[in-house]
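Below, all heavy atoms of this structure are taken into account, side chains as well, without hydrogens, waters or symmetry copies. So that the names make sense, note that chain A is the first sequence line, chain B the second, and so on, each numbered from 1.
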Amino acid sequence: MAARGAKRPAQLKAPDKLVFLLSLVPYLLEQRVVDVADAAAHFGTGEQEIRDAVRLIATSGLPGETGTYQPNDLFDIDWDSFEDDDVIVIVHHVAIDDAPRLSAREAAALIAGLQYLSASPENAGSAQLASLMAKLTEGASAAPSRLAVAESEADASLARIREAVAGGRQLEFTYRNALGHEGRRRVDPLRIASLGADWYLQAWCHTREDFRNFRVDRMSDLVVADAPIEDHSDREVPDTLFQGSDSDLDVVVDVAPDALPLLADYLADSRTEDVDGRLRVTLRLAHYHGLKRLIAGLPGLVTVVAPEEARAVVADWADAGLAGYRDAPSSVPDDAQSTGPTG
Amino acid sequence: MIADVAVQRGKGEPRIAVEDRLFSLVLALLATETGLLKAEILSTVRGYAERYDPSGANANLERQFERDKDDIRELGIPLETVESPDRPGDNQSLRYRIPKGEYDLPVDVRFTPDELALLGLAAEVWREASLSADSQRALTKLRSLGIEPREPVIGYAPRLRVRDAAFEPIRQALDRRQTVRFRYIKPGEQSPRVRTVNPLAVVLHEGRWHLHAFDVEAKGSRTFLLSRIVGGVEVVPGSTFAAPPPGIQDRVLADLHELFLANSADLAVTAGSDAEVRLGKRAVLADDDAGVIRLHYTDVAVFADELASYGPEVRVIAPASLRDAVRERLASVAAAHRGAGGGD
């Protein structure tokens, strides 16, 4: 997993740098003697960041009784090992020696993340998660923010996919693609990804000879093959779950400003134009099949402007849906229905 | 800023980096038992002392100190203010300190390599959201314990997204216990109404972020969908309220789940369609011969939006409220896309 330290923002803000300094000190004390390279790997930072931080720490300390930062009131390191061998040894420390507590927000962010993970194939119903959440609560300097994520159910197919990924085995399944075409696929499963309630398998597709993302809810008749997966270490698994293709089509739409984030995955570029209080943007989609579903699912928020063909496709889709209700009786109030969170 | 540079130039000192000043402040406040007076801090701690004017005009520096205190507290560092017993209410005799016992991570809070691997994944969940900064900071703090996380057995990339603009301001108000004001569109209403609320909990249920809050005007608790908040979220200046009970977020989730179970819909789905595949996975009852499935849902408007996206692949049989909502949506989409384009 390239999770740790793979993509850090180039420029950390001062509070983040402070947390880094306050965390680096107890780590260095605990390790006693540590290579710059090891410390960098552990914190997922660059080596130069570690060296800069060590230099700052080594010249920091307390103002002391005279308010003049006398040597005895400062941190000190073994400068020879540091400068000659790139090895860090703190020989004198002041004020701090232990890991800092988490903030209410930090603890809450991790707890909510764990709640989401409870649906993953690794952790379904894991007791470990509950004890971990309790520890995070205890490790926070104030009660964690009142934030929670509902447990969701994992797809039944996930267990088999997980088995194939963990065992490095090829996987065969029937896949119904976004256009509704069904076919048998054989893949090298590489990574399971989830986005909200949706699960994906990122895999090398032998049929297409390329990386593909498969929606787990469109897979059926899964068989874990005996054949091992091939080596794909020379190529990187794409990080995005939404990939463009040659058949991409551009569609101009007007969107209510508040709803723009809902289209983020489909924006062709970052241009927006104000048209009567709405934003005119260009979407890029693989096919009309996806467009009509997207637009019909955001009623009143997004309207297709061009091309004319796209407008017609959406209108036809909605009309076809309406046709199903032609014979239905008109509105009957149902008293027993609860209506959801209404504010 | 200009004044700062001038003072530094006068003294010939290099500029002290912000993190250097904050680090020096935390060290000084951790080392003191009785606390330090503001004047002591400004005149001796690195990053302030260089700019301190003994003759008294330190208004800029004092404001800097106030902001630094806030920043430090936001990081979960328990910076305390202690009143002088002799002179209660006198701001100049206030003392500042960080009690070491409340700063250090409790000794029984230690993590195994397995647990750290899980926490790393939990942080990954937020990599596209504002919570990412918080979870990354938490991981940095936990790395100070020196334990290497176990490498996960399988590649797993979990992710949650927050697409509601109101999320971050609401979450901040929740943490700071500030009353907020925003415009909210109730389902079935055409225009938003201004609501003034005390945020009590923020929860994700059925893929939507909900705010549970005390509505100041209605004098009762209400649950709002963040996606129905339009425009900005404004903090009511000087407002505050009592901390909600711990675990309130779990009760809010339980209530929403109860609501979810109380609502069920019977849907006719077209065989072999996307709707059959995707909605079918969520069905609690299915009559395969008739092609009818039963699903629970929480909110009519939200569920109707989703069902509208399936067009002719799904038809609502019951309840009527949901059927009408879907039909209304399809009619509005059809109407908006019929005839010539060009933005009406």
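A/Tyr116 contributes atom OH, which lies 9.0 Å from atom CG of B/Leu204 (distance to the nearest 0.5 angstrom). Note that the OG atom of B/Ser24 and the OH atom of A/Tyr69 stand 4.5 Å from one another [nearest 0.5 Å]. Rounded to the nearest 0.5 Å, atoms CG (B/Asp71) and CG (A/Leu18) are 9.0 Å apart. Note that CG of A/Leu21 is 8.0 Å distant from CG of B/Asp20, once rounded to the nearest 0.5 Å. Atom CD1 of B/Ile77 and atom OG of A/Ser141 lie 8.5 Å apart (nearest 0.5 Å). Rounded to the nearest 0.5 angstrom, B/Leu330 CG and A/Trp317 CH2 are separated by 10.0 Å.
Salt bridge status for A/Asp16 with B/Arg137: present, with a side-chain N to carboxylate O gap under 4.0 Å. A salt bridge is defined here as a Lys NZ or Arg NE, NH1 or NH2 lying under 4.0 Å from an Asp or Glu carboxylate O, and A/Asp319 with B/Arg338 meets this definition. Ion pair B/Glu19/A/Lys13 not flagged as a salt bridge, since none of the NZ, NE, NH1 or NH2 atoms sits closer than 4.0 Å to an Asp/Glu carboxylate oxygen. A salt bridge links A/Arg293 and B/Glu313; the closest N-O separation between the charged side-chain nitrogens and carboxylate oxygens is under 4.0 Å.
Heavy atoms of B/Val314 lying under 4.5 Å from chain A belong exclusively to its backbone. Interface remark: A/Asp73 contributes no atoms to any contact with chain B (heavy atom separation under 4.5 Å). For B/Lys141, the parts lying under 4.5 angstrom from a heavy atom of chain A are both the backbone and the side chain. For a residue to count as touching a neighbouring chain, one of its non-hydrogen atoms must lie under 4.5 Å from one of that chain's; by this rule A/Arg278 does not touch chain B. Contacts of B/Phe303 with chain A are absent, with no heavy-atom separation under 4.5 Å from either backbone or side chain. Interface residue A/Leu62: only side-chain heavy atoms are found under 4.5 Å from chain B. Proximity to chain B (any heavy atom under 4.5 Å) is shown, for A/Ala112, by both the backbone and the side chain. Proximity to chain A is absent for every atom of B/Asp164, based on heavy atoms less than 4.5 angstrom apart. There is no contact between B/Leu29 and chain A, counting heavy-atom distances below 4.5 Å. A/Ala99 touches chain B through backbone and side chain together, each having a heavy atom under 4.5 Å away. Heavy-atom distances place the side chain of B/Ser332, and not its backbone, under 4.5 Å from chain A. Looking at A/Glu138, both its backbone and its side chain come within 4.5 Å of chain B, counting heavy atoms on both sides. For A/Arg176, the part lying under 4.5 angstrom from a heavy atom of chain B is the side chain only. Contacts of B/Leu307 with chain A are absent, with no heavy-atom separation under 4.5 Å from either backbone or side chain. For a residue to count as touching a neighbouring chain, one of its non-hydrogen atoms must lie under 4.5 Å from one of that chain's; by this rule B/Val26 touches chain A with the side chain only. Proximity to chain A (any heavy atom under 4.5 Å) is shown, for B/Val203, by both the backbone and the side chain. For a residue to count as touching a neighbouring chain, one of its non-hydrogen atoms must lie under 4.5 Å from one of that chain's; by this rule A/Glu182 does not touch chain B. Neither the backbone nor the side chain of B/Ala165 comes within less than 4.5 Å of any heavy atom of chain A. Neither the backbone nor the side chain of B/Arg282 comes within contact range of chain A, judged by heavy atoms closer than 4.5 Å. At a 4.5 Å heavy-atom cutoff, the contact between B/Leu75 and chain A is made by backbone and side-chain atoms alike.
The shortest distance between side-chain heavy atoms of A/Leu260 and B/Arg163 does not fall below 4.5 Å. Annotation: side chain of A/Ser23 is in contact with side chain of B/Thr140 (closest heavy-atom distance under 4.5 Å). Here the side chains of A/Arg146 and B/Leu200 are not in contact, with every heavy-atom distance at 4.5 Å or above. The closest side-chain heavy-atom distance from B/Tyr103 to A/Asp98 is not below 4.5 Å. Proximity of B/Ser309 to A/Leu294: side-chain heavy atoms (C-beta onward) are nowhere separated by under 4.5 Å. Side-chain contact between A/Arg105 and B/Leu131: absent, with no pair of heavy atoms (C-beta onward) separated by less than 4.5 Å.
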Would you sort out whether A/Val25 and B/Phe23 count as a side chain to side chain contact (heavy atoms under 4.5 Å, CB included), showing the intermediate values? CA-CA 11 Å; A/Val25 170; B/Phe23 187 50; 4.2 Å; yes
Going through the distances and angles, do A/Gln128 and B/Leu118 end up as a side chain to side chain contact (heavy atoms under 4.5 Å, CB included)? CA-CA 10 Å; A/Gln128 194 184 20; B/Leu118 265 177; 3.5 Å; yes
Apply side chain to side chain contact (heavy atoms under 4.5 Å, CB included) to residues B/Arg315 and A/Tyr325 and explain how you reach the verdict. CA-CA 7 Å; B/Arg315 191 168 52 84; A/Tyr325 296 102; 3.8 Å; yes
Assess whether side chain to side chain contact (heavy atoms under 4.5 Å, CB included) is satisfied between B/Arg278 and A/Arg218, documenting all intermediate values. CA-CA 7 Å; B/Arg278 294 177 55 182; A/Arg218 290 202 180 119; 3.6 Å; yes
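Among B/Pro244, B/Pro246, B/Pro199, B/Ala331, the residue making the largest number of heavy-atom pairs under 4.5 Å with chain A is B/Pro244. Most heavy-atom pairs under 4.5 Å with chain B, from the set A/Leu136, A/Leu24, A/Leu298: that is A/Leu136. Ranked by heavy-atom pairs under 4.5 Å with chain A, the first of B/Asp104, B/Val316, B/Thr112 is B/Asp104. Among A/Leu29, A/Leu301, A/Thr59, A/Asp198, the residue with the largest count of heavy-atom pairs under 4.5 Å with chain B is A/Thr59. Of all the listed residues (A/Pro15, A/Pro144, A/Ala143), the one sharing the greatest number of non-hydrogen pairs under 4.5 Å with chain B is A/Pro15. Of the listed residues (B/Gly247, B/Gly76, B/Ala123), the one with the most heavy-atom contacts under 4.5 Å to chain A is B/Gly76. Heavy-atom pairs under 4.5 Å with chain A peak, among B/Leu142, B/Val197, B/Val202, at B/Val202. Ranked by heavy-atom pairs shorter than 4.5 Å toward chain A, the options B/Val326, B/Leu145, B/Asp274 are led by B/Asp274. Each of A/Leu114, A/Thr68, A/Leu132 has some count of heavy-atom pairs under 4.5 Å with chain B, and the biggest count is that of A/Leu132. Between chain B and the residues A/Ser131, A/Ala104, A/Gly61, A/Ala148, the largest count of heavy-atom pairs under 4.5 Å involves A/Ala148. Note: B/His337 leads B/Arg208, B/His337, B/Arg110 in heavy-atom pairs under 4.5 Å with chain A. By number of non-hydrogen pairs under 4.5 angstrom with chain B, the leading residue of A/Val313, A/Leu28, A/Asp316, A/Asp97 is A/Asp97.
Side-chain atoms of A/Ser194 and B/Arg159 include no donor-acceptor pair closer than 3.5 Å.
Formation of a donor-acceptor pair under 3.5 Å by the A/Arg101 side chain with backbone atoms of B/Glu102 is found in this model. With hydrogens and angles ignored, the 3.5 Å screen pairs no side-chain donor or acceptor of B/His205 with any backbone N or O of A/Val149.
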